[in-house]
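Input: a single structure, listed below in structure tokens.
These numbers come from a predicted model, not from an experiment. These numbers come from the heavy atoms of this one structure, side chains and all, not from hydrogens, waters or symmetry mates.
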Amino acid sequence: MAEPALLLTVVETWRDVRAARARLEKRDRLARLFASLPAPEDLRLAALYLSGELGRPPLGVGGALAGEALAATPPGTAGPPPTLQDVDATFAALGQVAGAGANARRAELLVGLLTRATPPEREFVVGLVLGELRQGALGSLVLDALARALEAPGPALRRAVMLSGSLGDVVLAVRREGHQALDRFQLTPLVPVEPMLASTAGALDEALTALGGAAAAEWKLDGIRVQVHRKGDDVRVFTRSLRDVTDGTAGLVALARALPVDSVVLDGEAVGHVDEGGPLAFQDLMSRFQTGDAESGLGVRFFDVLSLEGAPFVDRPDRERRAALEDLLPSGLVIPRRLVTDPAGVQAALDEALAHGHEGLVLKALDAPYAAGRRGANWRKLKLATTVDLVILGAEWGHGRRSGWLSNLHLGARDPDDPGRFVMVGKTFKGLTDAMLRELTEALPPLATEQTGHVVLVRPERVVEIAFEGVQRSSRYPGGVALRFARVKRFRPDKRPADATTLDALRASAG
DNA sequence: CTATAGTGCGCC
DNA sequence: CTTCCGT
DNA sequence: ACGGAAGGCGCACTATAG
């Protein structure tokens with residue numbers, strides 16, 4: 001019987017992978033580790049951890065508690081070196097903790113593990129728990145490495161993981177039975193599948209040509225992605241991250257049970273009821289979703305069928321899946337779609353979607369299969385971004401890849417009542433190129449008025465053009481509104497702060 | 001005991 | 001969810 | 001094609017002030 005694998009072996013690989021810059025080298029180092037772990041359970045944990053997954057429900061440990069535990073851990077290393085199984089056992093115990101004194105108990109469990117660990121092991125465990133491994137390789141590269149180590153075909157392995165939604169299960173099966181076991185992982189009703197994702201369309205006509213000149217244009221709803229499974233009377237509802245939300249979505253469950261089928265898997269978007277006023281604001285939808293207040297107006301529009309009456313549909317072309325969807329469901333439950341063959345058609349569909357208060361369109365290739373877990377070119381989302389000129393009120397020193405650079409801008413709109421004043425409406429680190437980071441890091445410090453921690457506040461002098469997806473109610477910002485998905489388009493040295501968009505105009509610019 | 005603050009989490 | 005960049 | 005740099009919201013839960 002082999003010795004149980006030590007955490008240290010995984011941590012050494014993690015350091016090597018992090019140090020390696022080339023992806024192939026990262027993959028090979030991972031593969032070497034995986035090949036050296038004969039015990040299926042050890043291999044499963046190593047694969048999960050190096051993918052940044054815990055293999056357990058959430059632990060209730062975040063930055064605050066982890067920091068507390070680190071501070072409370074004595075400097076030296078004491079006790080037997082932890083095995084992977086020890087780490088898993090600690091995670092399991094953490095998941096059980098609840099009630100009064102929970103945080104003290106969590107800290108105690110974590111300190112117990114960290115005390116036995118060497119400094120690099122501590123760093124790894126904390127990074128894993130916080131989701132900050134930063135090794136430049138997660139699920140995808142780990143899959144490639146597993147394929148090598150297990151001598152399994154990469155695409156089949158990936159497909160099994162996507163269709164079963166469980167890396168751990170697949171790893172166990174292949175280590176035990178060889179890669180023939182992969183055939184077993186087919187799409188199964190009641191077992192969630194990684195959802196297919198859409199990539200961003202550039203220009204309107206360019207998206208259409210990329211899809212071959214003709215595409216289906218569907219409304220893009222601002223809701224919550226749901227996957228609804230039914231087999232007999234059993235119904236399960238899953239979110240985009242495959243979390244089971246069956247309890248709390250009673251309306252969806254009832255709806256699925258009423259369908260004239262025995263077995264089906266549907267993909268769609270949960271939304272607020274679409275009355276004359278248009279769709280429910282995302283914030284309010286989220287509130288209903290989280291309180292399980294689902295009966296009071298949680299609706300759904302489906303846009304795909306992944307399985308029907310026991311037959312997998314994922315490999316069938318889009319147009320066949322759509323036809324099956326329309327056969328099965330009343331039209332009120334299906335996302336509106338139209339065929340577009342030229343830019344004018346796309347524009348018309350987009351106008352219509354926006355007029356109904358939706359985000360935009362998803363353009364889909366008519367002959368494409370359902371590529372579970374992939375952000376393929378066969379689905380392209382098209383949204384209209386609003387643009388606004390805001391003033392930089394501050395910036396934050398970046399972490400990791402952006403350490404040493406000023407990033408994460410604080411953005412202000414002009415106060416309509418007080419000409420010299422600006423009201424903060426959000427932050428953004430997106431859209432900044434390296435050149436822009438360089439420029440900010442040079443230009444902002446001379447304007448600094450205050451520096452607290454990693455935040456630098458500056459005199460409101462520089463104007464930036466900001467694109468965003470809408471404004472939302474905010475309790476955090478003084479103006480009562482915050483930008484959603486703000487990103488920098490370009491600097492506007494030609495504009496003065498007095499030219500910046502006012503808070504009122506910002507409120508008006510998006511619903 | 002209730003009111004509020006802090007934390008973790010999972011949506012977009 | 002978002003964008004850009006290096007591998 | 002992937003991974004990482006971080007936004008902001010609202011909830012549930014625990015901790016803490018009064």
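- OP1 and OP2 of dG8(B) both lie 4.0 Å or more from every side-chain N or O belonging to Arg106(A).
- Between Glu396(A) atom CD and dG8(D) atom C1' the separation is 13 Å, expressed in whole Å.
- Contact check on Arg438(A) versus Glu442(A) returns no salt bridge, with no Lys/Arg side-chain nitrogen under 4.0 Å from an Asp/Glu carboxylate oxygen.
- Across all strands, Leu59(A) comes closer than 4.0 Å only to sugar-phosphate atoms, never to a base (heavy-atom distances).
- Whole-Å rounding puts the Gln135(A) CD to dG4(D) P distance at 7 Å.
- Across all strands, Lys381(A) comes closer than 4.0 Å only to sugar-phosphate atoms, never to a base (heavy-atom distances).
- Proximity of Arg473(A) to the phosphate of dG10(D): a side-chain N or O atom is located under 4.0 Å from OP1 or OP2.
- Applying a 4.0 Å cut-off to non-hydrogen atoms, the residues of residues 481-488 of chain A that approach DNA chain C are Phe485(A), Arg487(A), listed by residue number.
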**Report entry** Check against side-chain contact (heavy atoms from CB on, under 4.5 Å), Leu298(A) and Leu285(A)
**Finding:** CA-CA 8 Å; Leu298(A) 189 69; Leu285(A) 170 67; 3.4 Å; yes

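- In this structure, Glu68(A) places its CD atom 12 Å from C1' of dT14(D), rounding to the nearest Å.
- Side chain of Thr239(A) to main chain of Arg243(A): a donor-acceptor pair is present (N/O by atom type, distance under 3.5 Å, no hydrogens or angles).
- Of the possible donor and acceptor atoms, none in the side chain of Arg484(A) sits under 3.5 Å from a partner among the backbone N and O of Val471(A).
- dC2(D) atom C1' lies 14 Å from atom CG of Leu30(A), rounded to whole Å.
- If you take CD of Glu53(A) and P of dC9(B), they are 15 Å apart, rounded to a whole angstrom.
- The residue Lys220(A) sits apart from the nucleic acid: no heavy atom pair falls under 4.0 Å.
- Side-chain proximity of Pro58(A) to dC9(B), dT3(C), dC2(D): nearest is dC9(B).
- In this structure, Met424(A) and Leu133(A) both approach DNA chain D, and ranking their closest nucleotides by distance from the 5' end singles out Leu133(A).
- One atom, CG of Leu54(A), and another, P of dG10(B), lie 10 Å apart when rounded to the nearest Å.
- Between the side chain of Thr387(A) and the backbone N or O of Ala467(A) there is no donor-acceptor pair closer than 3.5 Å.
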Might you list the N or O atoms of the protein lying below 3.5 Å from N or O atoms in nucleotides 5-7 of chain C, with each pair's distance?
| residue | atom | partner | partner atom | Å |
| --- | --- | --- | --- | --- |
| dT7(C) | OP1 | Arg21(A) | NH2 | 3.1 |
| dT7(C) | O3' | Arg21(A) | O | 2.8 |

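- Mapped onto DNA chain C by nearest heavy atom, Leu197(A) and Arg402(A) fall at different nucleotides, with Leu197(A) at the one closer to the 5' end.
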Query raised in the report: What do the steps show when you test Leu167(A) against Leu146(A) for side-chain contact (heavy atoms from CB on, under 4.5 Å), and what is the final call?
Result: CA-CA 10 Å; Leu167(A) 175 66; Leu146(A) 279 169; 3.9 Å; yes

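- In this model, the phosphate group of dC9(D) is not approached by any side-chain N or O of Gln283(A) to a distance below 4.0 Å at OP1 or OP2.
- Note on Ala100(A): only backbone sugar-phosphate atoms sit closer than 4.0 angstrom, heavy atoms only; bases stay farther off.
- Ring orientation note: the planes of His399(A) and His454(A) are tilted relative to one another, at an angle of 30° to 60°.
- Of all nucleotides listed (dC2(D), dC12(B), dG8(B)), dC12(B) comes nearest to the side chain of Arg225(A).
- Out of dA12(D), dC2(D), dT14(D), the shortest distance to the side chain of Asn103(A) is found at dT14(D).
- Nearest to the side-chain atoms of Tyr477(A) among the listed nucleotides dG10(D), dG8(B), dG8(D) stands dG8(D).
- Atom-to-atom, CD of Glu469(A) to C1' of dC11(B) comes out at 15 Å; the value is rounded to the nearest Å.
- An OP1 or OP2 oxygen of dC11(D) is reached within less than 4.0 angstrom by a side-chain nitrogen or oxygen of Ser287(A).
- Considering only side-chain atoms of Thr200(A), the nucleotide from dG8(D), dG10(B), dT3(C) that sits closest is dT3(C).
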Query raised in the report: Stepwise, does the side-chain contact (heavy atoms from CB on, under 4.5 Å) test hold for Arg380(A) with Glu206(A)?
Result: CA-CA 11 Å; Arg380(A) 304 204 157 238; Glu206(A) 173 239 309; 4.3 Å; yes

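- Distances shown here put every side-chain N or O of Thr239(A) at or beyond 4.0 Å from the OP1 or OP2 atom of dG10(B).
- Counting only distance, with no hydrogens or angles, the side chain of Lys364(A) and the backbone of Trp379(A) share no donor-acceptor pair below 3.5 Å.
- Separating the CE atom of Met286(A) from the P atom of dC11(B) is a distance of 6 Å, rounded to the nearest angstrom.
- Within the 4.0 angstrom heavy-atom criterion, only backbone atoms of the sugar-phosphate kind lie near Leu65(A); the bases stay farther away.
- Results of the salt bridge (charged side-chain N to carboxylate O under 4.0 Å, His left out) test with Glu465(A) over Arg490(A), Lys495(A), Lys489(A) single out Arg490(A) as the only residue that passes.
- Taking only side-chain nitrogens and oxygens, Ser140(A) never comes nearer than 4.0 Å to OP1 or OP2 of dA1(D).
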Query - salt bridge (Lys or Arg N to Asp or Glu O under 4.0 Å) assessment of Asp222(A) paired with Lys383(A) - result: CA-CA 11 Å; Asp222(A) 186 14; Lys383(A) 296 202 243 181; over 6 Å; no

